[in-house]
Every structure is written in C-alpha cells, then in structure tokens.
**Student:** 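This structure is in structure tokens; I'll ask about it shortly.
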Amino acid sequence: MEKFSMVAKTFQGLEDVLAEELRALGASNVEPGNRMVGFEGDLAMMYKANLCCRTALRILKPFFKFTARDADQLYDRVKEYDWSELMDVNKTFSIDTVSFGEEFKHSQFVTYRVKDGIVDWFRDHSEDERRPKVRLDGADIMINVHISGHDVTLSLDSSGESLHKRGYRQAQTEAPISEVLAAGIILKSGWRGDVPFVDPMCGSGTFLIEAALIAANINPGIFRKHFSFENWPDFNRELFEEIYNDDSGEREITVSIVGCDISPRAIAVTLENAKSAGVARYLTLEAKPIAKWESAPEPAGVLVTNPPYGKRIGADDMNALYSTIGSVLKHVFKGYHAWIIGYEDEYFHEIGLAPSQKIAVNNGGLDCELREYIIFEGTKREFRQSGGRLKDEQAVRKEKPRRPERDRGSKRDDRPDRKGRENSPFRGDRDKKGFKGDRDRAYKEKGFKERRIKDGDAPKSTERTDVEKRERRPIDLNRLGRGPRLSAENEIVLRPAWRSRKKADDQQ
C-alpha cells in the first residue's frame with residue numbers, strides 16, 4: 001500500500017508523547033515539531049492514527065504545496081489544482097487557515113481567496129457553472145491551509161471534529177480539561193495502569209476516564225460516530241472496519257482508579273461519563289473535599305489533578321486551598337508521584353513542596369504549568385542517599401560545567417588574589433580571627449562602632465549615610481533589597497555590603 005506524508009496536530013508540550021504513540025503504531029520518519037508531529041504511513045496508518053492516538057488533535061494529509069508572494073498569486077495557484085480529485089459539485093467543503101507571514105497577516109482573507117480559487121475552478125470546468133457549497137460545520141471535505149512566509153501547504157483534514165471530542169462525554173462541570181491534554185499528562189507521568197491512580201479533585205472525571213482507557217488499552221476513537229476521511233473518494237470501508245473492530249489488545253484493569261470531589265454533582269457527572277465510556281466498573285468515586293483525605297490507595301502510585309485556578313473556577317480562599325493540597329500530599333500520599341496543573345505561581349508556592357519537573361502547557365487558552373512532586377519521607381538528603389534523584393537536579397547536574405582540574409579541591413586562600421582583592425576592606429588575618437573578625441574590624445575602620453543604632457542617632461562616620469540621603473523622599477525601607485531596614489522594634493539596622501549565603505534547608 002502506498003505511503004504518504006501526514007501531520008498530527010497536538011498541544012504544546014505533548015509533541016514527544018504523540019511521537020512515541022505514532023512510533024508504537026508503526027509510523028515511519030516520525031519528526032516532532034512545534035505543536036505537531038510529522039510522519040509517514042499508508043491508508044491503514046492514517047485510520048489507526050485517528051482511532052488510536054490519545055494526544056492528537058487532528059491528522060492532516062498534505063496534498064498541494066507551492067509558494068505565493070501575494071493574494072493574487074495565492075488565488076492563481078489554488079485555481080491550478082485539479083479539485084475533481086477530491087470532491088464534486090455535490091459535496092460541501094470548509095477551510096481552516098493558519099497563517100504566519102507579512103503578506104498574509106489576516107487568515108480570514110486567506111480563507112476567502114482560497115475559497116474563490118476552488119469555486120472558480122469548478123465554474124470553469126462545468127457547463128452549467130455549478131460549484132460546491134461552503135459549509136462551516138460538518139462539511140464533507142475539510143481543507144487546512146498553512147502559510148509560513150511565502151510557503152503554502154494545503155492539506156485534507158482526515159479527522160473532522162477535533163479528536164479531543166472522544167464521544168463519551170454526556171455531561172460536564174465548569175471548565176473541564178481537554179481529553180487530549182488529560183491523556184497527555186497521564187502518559188507524561190509514566191502511568192500505564194500498573195499502580196494506583198488518584199484524582200482527588202476530579203470534576204467531570206476526564207483524568208479518571210482517560211486513565212481507565214489507557215489501563216484497559218481501549219482506543220479513544222471508537223466512541224466517535226464519524227471521521228472526515230469517510231467522505232473521501234478513496235475511503236476503504238472494509239479496511240477501516242477491520243481496524244475499528246480489532247479489540248485484541250484490550251485488557252482488564254487490576255489496579256485502583258480513585259476519584260473524589262467536593263461536589264456531589266461532579267461525582268454524578270463523572271459516573272455518567274464513565275458509563276458512556278464503558279469503564280465505570282473500574283472507578284471508585286466518592287464526594288469529599290481534599291482536606292478529608294486520611295489514607296491513600298496502596299502501593300504508592302500516581303496522583304494527577306487539575307485544581308481551580310481562581311479564573312473560571314475559584315475557591316473562597318485560594319491560598320488556603322493550595323496549602324491544604326500540599327499538606328495532604330505530604331502527609332497522606334507518601335511515596336506517590338503527584339502531577340498538578342496550575343496557573344498562578346503564587347498558588348503553587350502555597351503547596352510548600354519543591355517540584356521535580358516544570359512543563360509549560362496550555363489549558364483552555366491559559367498558559368499554565370504542569371509540575372511533578374515526588375512525595376518521599378524524610379529529608380532530601382536521605383532521599384538522595386537511598387538512591388532517589390529529582391529529574392530537575394539530574395538536568396542541572398549534566399549542564400553545570402565542572403571546574404578545571406587544577407582548581408578542584410583547592411582552598412579559597414590558596415588561590416592567587418584576583419584583581420582588586422588587595423584593596424578589599426574585608427581582607428585580614430583570617431587564620432587568627434576568622435572572617436567575622438575581619439568584617440567587624442572593617443566596620444570600625446569605616447567609623448561604625450556598632451552595627452545597630454537607635455532612631456535619630458547619627459552613625460559615627462563623616463560620610464552621609466544611605467538613610468540621610470533618602471530622608472528627602474518618603475520610602476518604605478523594608479521594601480529595599482539592600483541598605484538599611486527597619487526592625488520590629490522600629491530600629492534602623494544597617495546591612496553590611498556583603499551577604500552570607502545561608503545554607504538551604506534540606507527539608508521539603
């Protein structure tokens with residue numbers, strides 16, 4: 001069977017996952033790009049990509065590439081193509097345009113010019129000047145136009161409706177996460193149905209249902225009633241039905257998939273959607289807030305959740321909510337890998353745990369971040385000593401340049417003085433008095449007898465201090481990163497020019 005090039009569209013951050021899915025299906029020349037993955041395959045591969053890929057939004061089949069420097073040249077080139085190969089006058093068609101170029105800034109104008117070229121071709125090749133009709137929704141033939149600079153690519157959209165519309169969703173709560181994004185996050189976590197899966201704030205149950213489909217190896221596309229390629233002249237119904245009806249890879253789920261939500265309505269919606277997807281028997285559901293979690297399924301598994309961002313959905317106290325999430329993770333889900341998608345860094349900070357990974361994702365038009373938290377007992381040092389490694393630490397360790405061999409292991413005082421070091425006020429006999437003694441002596445040499453003085457007392461110095469210089473304009477000294485500050489007793493504390501680096505707390 002003849003092979004041809006295809007493009008699978010996806011969300012930012014899921015390109016690597018989609019590429020692995022396509023390779024597993026047997027695609028060749030798989031090349032991840034920006035929100036897309038290019039690959040090659042035959043007609044069967046195109047059908048499989050639509051039926052089986054969990055992280056693909058659309059599968060496109062390019063059929064005409066050319067260059068155009070303006071709208072008139074675009075129209076002329078479109079009109080040159082033999083459109084009878086793809087449709088006839090009785091078919092309807094739609095056009096979706098993505099344009100990046102100085103000459104083609106307005107995608108709607110590009111859409112009009114491509115449409116004119118298509119219908120004028122049919123008028124010129126028909127005795128009665130009949131032409132196919134444009135239909136915005138549910139068109140027989142869906143054409144994708146992609147322009148980058150002067151390079152134009154026309155593709156057939158083999159999917160029709162976006163593949164995130166699985167077909168099992170019967171109801172939903174506010175702001176549900178996309179099925180494609182949910183499946184991508186689960187696959188990124190490494191979960192494949194071998195350990196428990198938990199979503200303590202499940203909403204309409206998208207994470208839970210996608211997890212069940214992954215664990216049971218059920219193809220996500222079997223719930224859809226129609227694909228756009230079924231309208232194509234070369235549609236092979238027998239081949240498609242053979243692929244569609246092949247359930248030889250499906251398996252039973254043997255681990256717990258647990259979901260909870262503070263809203264009883266959300267639990268009811270989750271159950272309804274799970275029944276529609278045929279996976280309700282695999283889910284354990286309960287209406288309860290995250291603060292009520294006292295134990296987690298064993299052995300330790302994976303937790304994935306999408307808490308409110310304070311945008312479309314919020315809580316009375318968002319900071320308290322995220323603080324509660326952190327507390328429950330730390331005390332209840334020990335040993336778990338927790339993946340949380342969020343929007344505000346302020347709320348992430350309230351969790352109080354150090355993430356091992358940060359991945360940029362887009363959820364519902366919001367630029368969000370997916371963070372992984374490895375929940376371990378004890379300190380980070382104990383975790384590392386037992387063989388554990390945080391992924392971010394491994395990346396930094398690989399990228400951090402090593403010191404030259406002659407410097408490693410040497411003491412600071414053994415190194416030659418750098419330029420200007422001999423003039424430093426903090427140099428001195430450190431072997432006898434230590435660095436602290438050097439610092440105090442330097443202060444005395446500058447005219448300060450004490451480092452702490454009362455309000456109104458002038459420092460023992462002939463030079464004007466930073467405090468005196470700033471008295472002309474009111475300013476909150478506590479907001480300054482350097483210089484003096486006000487203590488709790490309303491005293492002015494002079495900060496030294498150097499700052500000792502406090503050793504980072506080894507606790508989580």
**Student:** What pairs of residues pass the ring pair (Phe, Tyr, Trp, His ring centres under 6.0 Å) test when at least one of them lies in residues 7-29, not counting sequence neighbours?
**Tutor:** none
**Student:** Which residue pairs pass the salt bridge (Lys or Arg N to Asp or Glu O under 4.0 Å) test when at least one of the two sits in residues 62-73, sequence neighbours left out?
**Tutor:** Asp72-Arg113
**Student:** In Å, rounded to the nearest 0.5 Å, how long is the span from CD1 of Ile341 to CG of Asn363?
**Tutor:** 4.5 Å
**Student:** Please output the side-chain donor-acceptor pairs of residues 279-299 that fall under 3.5 Å, not counting sequence neighbours, one pair per line with the distance.
**Tutor:**
from: Arg281; atom 1: NH1; to: Gly278; atom 2: O; distance (Å): 3.2
from: Tyr282; atom 1: OH; to: Glu252; atom 2: OE1; distance (Å): 3.1
from: Tyr282; atom 1: OH; to: Glu252; atom 2: OE2; distance (Å): 3.3

**Student:** Does the side chain of Asn245 reach to within under 4.5 Å of the side chain of Asp247, using non-hydrogen atoms?
**Tutor:** no
**Student:** For the pair Arg123 and Asp120, find out whether any cationic side-chain nitrogen is under 4.0 Å from an anionic carboxylate oxygen.
**Tutor:** yes
**Student:** Output all residues satisfying ring-ring contact (aromatic ring centres under 6.0 Å, His included) with Phe64, sequence neighbours left out; order by chain, then residue number.
**Tutor:** Phe66, Tyr81
**Student:** Once rounded to the nearest 0.5 Å, what's the spacing between atom CD of Gln12 and atom CE of Met36?
**Tutor:** 14.5 Å
**Student:** Apply salt bridge (Lys or Arg N to Asp or Glu O under 4.0 Å) to Glu369 and list each qualifying residue two or more places apart in sequence or on a separate chain.
**Tutor:** Arg371
**Student:** Cut-off 3.5 Å, side chains only: do Glu350 and Asn319 have a donor facing an acceptor?
**Tutor:** yes
**Student:** From Met142 CE over to Trp232 CH2, what is the distance, rounded to the nearest 0.5 angstrom?
**Tutor:** 11.0 Å
**Student:** Which residues satisfy the salt bridge (Lys or Arg N to Asp or Glu O under 4.0 Å) test with Arg58, sequence neighbours excluded?
**Tutor:** Asp157
**Student:** Could I get the full list of salt bridge (Lys or Arg N to Asp or Glu O under 4.0 Å) partners for Glu80, not counting sequence neighbours?
**Tutor:** Arg77
**Student:** Nearest 0.5 angstrom please: Leu163 CG to Arg54 CZ, how far?
**Tutor:** 12.5 Å
**Student:** Suppose the criterion is ring pair (Phe, Tyr, Trp, His ring centres under 6.0 Å): which pairs have a residue in residues 185-205, not counting sequence neighbours?
**Tutor:** Trp191-Phe197
**Student:** Which pairs, with at least one residue in residues 200-221 and sequence neighbours excluded, count as a salt bridge (Lys or Arg N to Asp or Glu O under 4.0 Å)?
**Tutor:** Arg166-Glu210
**Student:** Partners of Lys105 by salt bridge (Lys or Arg N to Asp or Glu O under 4.0 Å), sequence neighbours excluded?
**Tutor:** Glu102
**Student:** Please name all residues satisfying ring-ring contact (aromatic ring centres under 6.0 Å, His included) with His125, sequence neighbours left out, ordered by chain then number.
**Tutor:** Trp121
**Student:** Among Ile185, Asn306, Leu329, Leu353, which one satisfies side-chain contact (heavy atoms from CB on, under 4.5 Å) with Ile340?
**Tutor:** Leu329
**Student:** For a 4.5 angstrom cut-off between non-hydrogen side-chain atoms, does Leu303 reach Ile375?
**Tutor:** no
**Student:** From Phe223 CZ over to Glu179 CD, what is the distance, rounded to the nearest 0.5 angstrom?
**Tutor:** 11.0 Å
**Student:** Can you pull the salt bridge (Lys or Arg N to Asp or Glu O under 4.0 Å) pairs that have at least one residue in residues 4-22, sequence neighbours excluded?
**Tutor:** Asp16-Lys188, Glu20-Arg23
